[in-house]
Amino acid sequence: MQPSFLSNPNSLFFLIAGPCVIENEEMPFQIAEEIQKICNTLHIPFIFKASYQKANRSSIHSFTGIGNTKALEILGKIREKYHLPTLTDIHTAEEAELAAPYVDVLQIPAFLCRQTELLQAAAKTSRYVNIKKGQFLSPESMKYAVEKVKESSPSKDNFLPKVMLTERGTTFGYQDLVVDFRSIPIMQENQVPVIMDVTHSLQQPNQANGVTGGEPRMIETIAKAAIACGADGLFIETHPNPATALSDGSNMLSLELLEPLLRKLVRLHQSL
């Protein structure tokens, strides 16, 4: 299912949301159904996201997934049951071909955004490609990532807007990130949708205990600023109980807080 609103932009921002990772068979369906209800009420275009595996954990003891095939099949079932476009991360060129049949958007993690072979493989699937800006890169440099996807697309003349770029903060010292909101209009100069990853930009990586921290109390602040700066979309990881989440719980939004937040953001967007 192609997220058609990306090629025919809605006047409202779109939302990429879901749990960090597929934790079991039941929860992803519950989360997708709840977010879809909220977005239908507020007329917000919605892409369901979940990683089918977590390949970039700090600690070897961290949860990485329930099995690749099983998790991807769940994503495919969610797409079919709720008629939703779906998104997941990939980490190698081989994974692009593996994941493409189950999702509509292949996401390139920030740490891997310069990996030419990975970007090329994602482009060749003809899926949308969401590239997260590396924590170590300037927004200006992301034009080269866009070019890699463009030049590798099966239909070079019609690739836009099959590329999306996502701001997710820039490394500031060893254990914090800072968001430079100039990144949004700068990356929009590539004529692609630009998304603000609200929750990952609030991570506090490289903690001594091997588990990434975060500041979820600042989610509303970052989201409001992104809308005010003209972001095309928001990326928000959410979970019914972040305290028990098996990955990135420290920076996720509690699912019960999503609707009131989105209502505020819609009012803000309409006021601009």
Establish, from distance only, whether the side-chain atoms of Lys148 and Thr116 form a donor-acceptor pair under 3.5 Å. yes
Pairing donors with acceptors under 3.5 angstrom, does anything connect the side chains of Glu95 and Gln53? yes
Is the closest side-chain donor-acceptor distance between Asp232 and Gln188 under 3.5 Å? yes
Lys133 side chain to Ser141 side chain, donor-acceptor N/O pair below 3.5 angstrom: no
So does Asp104 pair up with Arg127, basic N to acidic O under 4.0 Å? no
Do Gln36 side-chain atoms and Tyr82 backbone N/O form a donor-acceptor pair below 3.5 Å? yes
What I want to check is whether the side chains of Glu23 and His239 have a donor and an acceptor closer together than 3.5 Å. yes
Lys132 charged N/C atom sitting above Phe235 aromatic ring, 6.0 Å / 45°: yes
Going by atom types alone, do Asn130 and Thr166 pair a side-chain donor with an acceptor below 3.5 Å? yes
If the plane angle is over 60° it's perpendicular, under 30° parallel, otherwise tilted; pick one for Phe136 and Phe111. parallel
Between Glu147 and Lys143, does a salt bridge (Lys or Arg N to Asp or Glu O under 4.0 Å) hold up when you go through it step by step? CA-CA 6 Å; Glu147 287 176 1; Lys143 67 180 180 181; 5.9 Å; no
Would Ser183 and Glu167 count as having a side-chain donor-acceptor pair, cut-off 3.5 Å? yes
Between Glu33 and Lys37, is the closest basic N to carboxylate O distance under 4.0 Å? yes
